[in-house]
Amino acid sequence: MRCNYCEWRCELGAETYGKCRMYYADGSTVKERFPDMWSTYEVSRIESIPFYHVYPGSRCLTTGTSSCNFDCKYCSNAFIAKQDPAEMQHKMYRFTAQKLVDMAVRLGCTSIVFNVNEPTVSLPSLQELAREAAIAGIRMGCLTNGYSTPDATELLASIFSFFNISLKGLANEYNRTCIGIPSVEPILRTIRRLAERHHIEVTTPVVQGANDNELDEIARFIADIDPEIPWHVLRLLPEDEMKDAVYPNIEQINSALIGARTRLPYIYFHNFVGSEWVNTLCPECSAPAIERFSLGCGGDRLQRFLCANGKCPVCSHNIRILGEGTV
Amino acid sequence: MNQTEHKQTSLAIVDARDWQNQFDLRTGDKSEVRSPLVELMKEVLGKHHYPGDSGPDCNRWVTDTALDLIAGYQPQFAFLTYAGQYFASRMGPMNVPERQVMMTELFLEVERFIGESGFTPVIVGRGGVTPLEGVIDLSDLDGIGISTHWSARYAGLHEPSEADLKRLEADPNVERIVTRKEFLDLFVGASQDSLLLPEYLLVANRGYAFKALGCTARKPVMIPDATPHIPFFSSLGSADEITSIRSVVDRGLQLGRRVALIMLEGVGADDFHWPGTPCGNSREWFCFEPGDAQLLAITTGQHRIFEYPPGHLFYAGDSEKRDYPLSGYFKEIPAGTIGAEFSGRSIAVGNKSMSTHMVSGADLCVECFARNHYNQGTLGVIHRQDKV
């Protein structure tokens, strides 16, 4: 039978596990090979994921499973995402959904965020986790590559209430050679659909010389959906097969964002220590509404939350935020 | 005048290759201060890009950066940490000949620094590494098990159930379960020192590491071998305990010598290439891992275990607008370090990130800024500008 979770739509069998190697067919049912197995659990601030417009300053429990359905040449988590998941299991944690949620509550977390690998490869476990989280009043968010089928996108939307979707590039050539997928269209469809249902932020890792020429076009795509979608432009430090790539030049990438900044009020350029493009400025009067400090690589933190009730402290313009911030 | 009386603002300059930014170290606010030392620091950072924790030249970076800081600032005291061999040991399997080659290269790199700088060395191996034999999984406890800051041998246990304690007592790989009071008494702490201590400190057998909240998902091949003694070498005198090293350095400085305190990460007695003597690295059953508590004991001459103890709830104080955003979990500049108390000029360079500027207290500090081995660039800190 064919898997209907991501756009690879792999043929599955009892011992045929598909591209992600995380599912098998049990009769006419797709089942997880490694349910309730998690690669990590950690306490983080929501800004470090990154989510900049979701409950600013809140504490979340981050977790993930193993494997991925992409083959990004620059993968930063290859030691989890590209390993054979069967060989990973002895390093994993076995947690029931109840246990993970209990932990989140005890650790003072207000949300659980799936941020290590692609959630589409572990949907049944995440459905169960979402059920338990809802009972405890814990919100769920995730990072995703957006390569889900329309049905799976609806499933994702039923599990998570906030998303950071990675839009790595628009050109099919780039997506083929660098990401390993034939087309970006499913991702664009997912972004459009999830933006209708939930809070989303979009992330684009910039590989200089490969996709930095597309920044204007990506900004136009986001603006056409909703110009207030926050966009994270990451200065990527390539790993894995691209480990020896030249370090991206910060000034040059920042210059390439000049046009995009006229279309999108919430553009953030970061993933390097000391970035000064991590603050939220009021789209109306440019006053600082939320100030952050960036350490790069998952180290961003809230410095000052200045927009009580989601209003600009100077002109009272509405600042898009899901939930309240820490004041 | 010492640092205690000194109120000058510490500056931080980050370098992310061809791009620099400057901050107030404490507040994280952008700084526009310009001065000859700021220019010197920017020039040194711009010239010496960190090659990465796994880069073959990451120890060479320490020497080259230090030599340039010395040339520009003429300090009398230098604090250096070389960590390339520790990262290589931790991340990948290595046979004995490979390890010998690596240690020889480290030795030559340190000798190059000594030869070119003319400093009198005080060399400390912070303890060797040992193969990871197995893990003690704390994730299934009723309580919260925490292992922090790349610690292997120690973990904190918070809010355990009776069943948790029974299980751990029966675990053959758990060497010891220590109550908060026992730990406090061991280091003669006062009641206020217990605030950050876990209810129980768990101690693993040699070769075992805890698997708990705070652990990285990357499984190490080798882990620190926290042993009762670490190797020490200096022509300035001997040090029986790590808290005695400070006085050896002070003695050299008082004699007018230019002294370099050189810390070698992941180096135990077996790998130490100098005619070293054993230096006590423990108090009764507690042996220091190569963390910041060990460094502070060395640079202050006092045990400072309670400031950031193993297994503490590291996230509890992670509130909005915390001071020192570039300084890891440090919430203030530790008092009493060599650099902070020495009236002459001092520099520090290290490639074990985010703590060199705090534990050394040196006037000018440069360290790599790698997070979980992702090479973000470098951080330069200027604590003092009044000695020029």
Side-chain angles (χ1 to χ4, degrees), chain A residues 38-45 56-57 59 61 64 66 76-77 79-80 88 90-95 99 102-103 106-109 116 235 237 239 243 246-254 271-276 291-305 325-327, chain B residues 12-23 27-30 49-50 52 54-55 91 135 137-144 146 158-159 211-219 313-316 318-322 324-328 353-354 369-379:
Chain A
W38 310 87
S39 54
T40 182
Y41 67 114
E42 187 56 277
V43 176
S44 302
R45 289 283 157 184
R59 186 186 295 167
L61 183 78
S66 52
S76 302
N77 278 340
F79 65 103
I80 290 175
M88 288 281 298
H90 71 286
K91 302 178 190 173
M92 308 276 283
Y93 297 96
R94 180 181 293 282
F95 291 136
K99 170 79 176 175
D102 283 352
M103 234 173 336
R106 291 186 70 185
L107 294 168
C109 301
V116 177
R235 181 223 193 193
L237 297 178
E239 292 281 325
K243 194 169 177 55
V246 174
Y247 276 63
N249 184 285
I250 290 169
E251 291 294 354
Q252 288 174 14
I253 297 172
N254 193 48
N271 200 38
F272 50 95
V273 58
S275 168
E276 51 189 57
E291 294 180 356
R292 305 177 184 88
F293 197 90
S294 178
L295 299 179
C297 284
D300 297 356
R301 54 179 298 121
L302 180 68
Q303 285 289 89
R304 296 181 188 90
F305 183 79
T326 309
V327 180
Chain B
I13 301 169
V14 296
D15 184 294
R17 299 203 184 206
D18 304 319
W19 184 85
Q20 296 183 338
N21 211 348
Q22 186 175 317
F23 303 94
T27 64
D29 292 338
K30 195 169 164 67
H49 294 152
Y50 184 57
S54 56
M91 292 188 289
V135 295
D137 191 350
L138 303 182
S139 66
D140 56 353
L141 297 178
D142 300 322
I144 299 168
I146 294 188
H158 303 255
E159 303 173 29
K211 184 179 173 187
L213 186 71
C215 289
T216 168
R218 290 182 202 258
K219 191 177 177 188
L313 294 169
F314 60 90
Y315 56 86
D318 194 15
S319 58
E320 183 193 2
K321 191 56 185 170
R322 211 198 71 190
Y324 299 101
L326 286 156
S327 305
S353 72
M354 292 169 96
F369 205 89
R371 293 175 49 77
N372 272 335
H373 301 307
Y374 297 115
N375 184 10
Q376 293 287 307
T378 50
L379 168 67

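All values below come from the heavy atoms of this structure, side chains included, with hydrogens, waters and symmetry mates left out. Lettering of chains follows the sequences in order, A, B, ..., and the numbering in each one begins at 1. Quick caveat, the model's predicted, so the values are computed rather than measured.
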Tell me, side chain or backbone of [X] under 4.5 Å from chain A's heavy atoms, or both, or neither?
{"X": "B/E159", "result": "both"}
{"X": "B/L326", "result": "both"}
{"X": "B/I146", "result": "neither"}

Exercise for review: Start with the C-alpha gap between A/R301 and B/R322, add the side-chain angles, then the distance that decides, and say whether side chain to side chain contact (heavy atoms under 4.5 Å, CB included) holds.
Suggested key: CA-CA 9 Å; A/R301 54 179 298 121; B/R322 211 198 71 190; 3.4 Å; yes
Would you name the heavy atoms of [X] and [Y] that are closest together and state the gap between them?
{"X": "B/D29", "Y": "A/R304", "value": "OD1-NH2, 3.2 Å"}
{"X": "A/G274", "Y": "B/N21", "value": "O-ND2, 3.0 Å"}
{"X": "B/K211", "Y": "A/M92", "value": "NZ-O, 3.0 Å"}
{"X": "A/V273", "Y": "B/W19", "value": "O-CZ3, 3.6 Å"}

If you count heavy-atom pairs under 4.5 Å with chain B, which of [options] comes out on top?
{"options": "A/N77, A/I80, A/L295", "value": "A/L295"}
{"options": "A/N249, A/L107, A/V116, A/N271", "value": "A/L107"}
{"options": "A/E251, A/E291, A/K99", "value": "A/K99"}

Practice item. Keeping the roles fixed (side chain from A/Y93, backbone from B/S139), state whether a donor-acceptor pair exists under 3.5 Å. Key: no
Check your understanding: Quick check: does any side chain N or O of B/K30 sit under 3.5 Å from a backbone N or O of A/E276, one acting as donor and the other as acceptor?
Key -> no
Exercise for review: State, yes or no, whether a side-chain contact exists between B/P325 and A/R292 at a heavy-atom distance under 4.5 Å.
Suggested key: no
Exercise for review: Identify which part of A/S76 has an atom lying under 4.5 Å from any heavy atom of chain B, answering side chain, backbone, both or neither.
Suggested key: both
**Study point:** Structural part of A/F272 lying under 4.5 Å from a heavy atom of chain B
**Key:** both
Practice item. Kindly determine whether A/V43 and B/L213 satisfy side chain to side chain contact (heavy atoms under 4.5 Å, CB included), including the steps that lead there. Key: CA-CA 8 Å; A/V43 176; B/L213 186 71; 4.0 Å; yes
**Study point:** Carboxylate-amine/guanidinium contact B/D137 A/R94, below 4.0 Å
**Key:** no
Check your understanding: Is the closest side-chain donor-acceptor distance between B/N375 and A/Y247 under 3.5 Å?
Key -> yes
Practice item. Can you measure from CG (A/L61) to OH (B/Y315) and round to the nearest 0.5 angstrom? Key: 10.0 Å
Check your understanding: If you measure from CE on A/M103 to CD1 on B/I144, what distance do you get to the nearest 0.5 Å?
Key -> 9.0 Å
Practice item. Could you check A/L237 against B/Q376 for side chain to side chain contact (heavy atoms under 4.5 Å, CB included), going step by step and ending with a plain yes or no? Key: CA-CA 8 Å; A/L237 297 178; B/Q376 293 287 307; 3.5 Å; yes
Check your understanding: When heavy-atom pairs shorter than 4.5 Å are enumerated against chain A, which of B/G143, B/G377, B/A12 gives the highest number?
Key -> B/G143
